[in-house]
Amino acid sequence: MKATRHTGVLGALMAFLLVGALLGAPPAQAVAGQGYAYMWMNYAAAPLQTTFAPRQEYSANSAGGPAANTFVRTGTGAYTVTMRYLGLVGGTVQVTAYGVDSTRCGVGGWAPAGDDLKVYVYCFNPAGQPANSAFDVSFTNPGYSAGALGYVWSYQTGYSVYAWTTLTGAYQFNSLGGANAVLGGYTLRFPGLASQGGHVQVTAYGGSPNRCKVVNWYPSGGDAMVAVTCHDTAGVPAPTLFTATFTDRSGPFGTSRHRAYVFANQPTSASYTPALAYQHNSAGYSNTVQRLGVGDYVIRMPGMPLEHGIVHVTAYGSSPDYCKVYNWYPGDGVYVRCFNTAGSPIDTMFNAAFSE
């Protein structure tokens, strides 16, 4: 039997008691700066308005170390994550719900609070009602990247469908320095990042229970193109804001640390090796996918330190199906479940990425 990663109430309470000791006094040089942070928030039903620290091995903060992240549950399905010393305007956020049930999560917003960053996460059940849920959340505001990386925040629903709108400002990034663009709100262009493969993650933005996913991505000339779709709780396409990140042979944080991803595009196959152009493993191995049951999968990522890190999952295609992570184990793999609009398990394609 595999050991569980759930800490339970006792572990979470111990984490709370240790928050003050873990954070301590800020170092003299700590001021808001560019970088990245992530955490696994594993205490879905934490007491309201009480600050907790996440498990250190599943938390990172490039400006203050793993102890620099905390979270507070502010209401049913509502959480505020604090990432210390990363309080600059800009960057991007990805959120993935965690667990075996059919809840899903999105980002409500993020903003500096002094030298710190506040990230607001909202989670819902399939009916669109607020629901407590564990989740993975990551933030990056790199300034530079060790590999191909682009991200955007699609911050309005009224983009022209006839002409490209060039995105400017701190909420879009292109590792080659180009200005990303959007057409009609749901087609993205990342200049200079064309690839025959790569990887995409998408997160719905705002306080609604709508969800978003990647429909397709492909090269066009020298640019990478990404198509996104979003749905409401009835499974109907709905205008929705979102964040989207494109990477190719790199991770989402602009670093050269451990990372791996797959495009799992054979949802009913018992096991297979995804196309090499659409998978990556920084340890040099090939990733594989195994189907455990309807809508239930494990991705083997040899050489990845799965006792640490973060996992993000995005469903693929034009249907309203969605996916989430429900575990990852060292020496084993990353576990994913997918659901239809009603919250029932369903076989569907998805993207999954591990980053450290």
Side-chain angles (χ1 to χ4, degrees), residues 92 94 96 104 106 148-154 157 159-165 167 172 174-175 178 180-205 210-232 235-250 252 261-269 272-280 287 289 295 297 299 312-324 336 338-341 346-353:
T92 196
Q94 293 291 332
T96 298
R104 56 181 180 267
L149 171 64
Y151 60 72
V152 301
W153 171 37
S154 182
T157 58
Y159 292 108
S160 172
V161 297
Y162 303 106
W164 287 95
T165 299
L167 300 174
Q172 69 94 30
N174 185 305
S175 57
N180 305 321
V182 59
L183 179 67
Y186 299 95
T187 301
L188 312 174
R189 182 174 67 198
F190 296 93
L193 298 186
S195 168
Q196 295 301 319
H199 187 80
V200 176
Q201 290 290 328
V202 180
T203 294
Y205 174 94
N210 293 355
R211 56 193 182 275
C212 299
K213 62 193 294 190
V214 58
V215 176
N216 199 6
W217 71 99
Y218 53 93
S220 177
D223 304 335
M225 312 293 286
V226 175
V228 173
T229 188
C230 303
H231 297 85
D232 62 19
V236 177
T240 307
L241 310 182
F242 62 87
T243 64
T245 299
F246 172 83
T247 61
D248 184 28
R249 309 289 159 181
S250 63
Y261 61 71
V262 299
F263 171 34
N265 65 338
Q266 301 178 38
T268 59
S269 294
Y272 63 98
T273 299
L276 296 182
Y278 293 95
Q279 69 154 291
H280 176 65
N287 307 311
V289 179
Y297 307 91
I299 303 103
H312 285 305
V313 180
T314 293
Y316 173 94
S318 59
S319 76
D321 303 334
Y322 61 99
C323 301
K324 62 190 294 188
V336 172
C338 300
F339 302 90
N340 62 18
T341 296
I346 191 170
D347 292 328
T348 194
M349 295 183 281
F350 61 88
N351 283 347

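Scope of the values below: all heavy atoms of this structure, side chains included, with no hydrogens, waters or symmetry mates. Along the sequence shown, residues carry numbers from 1.
Once rounded to the nearest 0.5 Å, the distance linking CG of L167 with OG of S154 reads 7.5 Å. In this structure, NE2 in H280 is found 7.5 Å from OG in S250, a value given to the nearest 0.5 Å. Here the CD-OH distance, from Q196 to Y278, works out to 6.5 Å after rounding to the nearest 0.5 Å. A distance of 12.0 Å separates CD in Q279 from CG in N351, rounded to the nearest 0.5 Å. Taking OH of Y322 as the start and CD1 of I346 as the end, the distance is 11.0 Å to the nearest 0.5 Å. In this structure, CG on N265 lies 10.0 Å from CZ on F350, to the nearest 0.5 angstrom.
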What side-chain donor-acceptor pairs closer than 3.5 Å can you find for residues 180-187, not counting sequence neighbours?
residue	atom	partner	partner atom	Å
N180	OD1	N174	ND2	3.1
N180	ND2	Y151	O	3.2
N180	ND2	Q172	OE1	2.9
N180	ND2	F173	O	2.8
Y186	OH	T240	N	2.8
Y186	OH	T240	O	3.4

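Within the 4.5 Å cutoff, side-chain heavy atoms of L188 are placed close to those of F242. With a 4.5 Å cut-off on side-chain heavy atoms, P320 and R211 count as touching. The shortest side-chain heavy-atom distance between S319 and K213 falls under the 4.5 Å cut-off.
Here the closest non-hydrogen pair linking V289 and P274 is CG2-CG, 3.7 Å. Here the shortest heavy-atom pairing between G317 and T229 reads O-CG2, 3.8 Å. When every heavy atom of V200 is checked against every heavy atom of F246, the shortest pair comes out as CG2-CD1, 3.9 Å. Across all their heavy atoms, V228 and C212 have their closest contact at CG1-CB, 4.4 Å. Across every non-hydrogen atom of N210 and P239, the tightest pair is ND2-O, 3.9 Å. Shortest non-hydrogen contact noted between M225 and S220 is CG-CB, 3.5 Å.
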From CA spacing to verdict: side chain to side chain contact (heavy atoms under 4.5 Å, CB included), T245, T203: CA-CA 9 Å; T245 299; T203 294; over 6 Å; no

Steps toward side chain to side chain contact (heavy atoms under 4.5 Å, CB included) verdict (D248, L193): CA-CA 8 Å; D248 184 28; L193 298 186; over 6 Å; no

Side chain to side chain donor-acceptor pair (under 3.5 Å) between Y297 and D347, intermediate numbers included: CA-CA 9 Å; Y297 307 91; D347 292 328; 3.1 Å; yes

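Applying the side-chain contact (heavy atoms from CB on, under 4.5 Å) test between Y316 and each of N216, D321, V202 identifies N216 as the sole match.
Y159 places no side-chain N or O within 3.5 Å of a backbone atom of W164 that could act as its donor or acceptor partner.
In this structure, F190 has its ring center no closer than 6.0 Å to that of W217.
Side-chain polar atoms of T314 and Q201 form a donor-acceptor pair below 3.5 angstrom.
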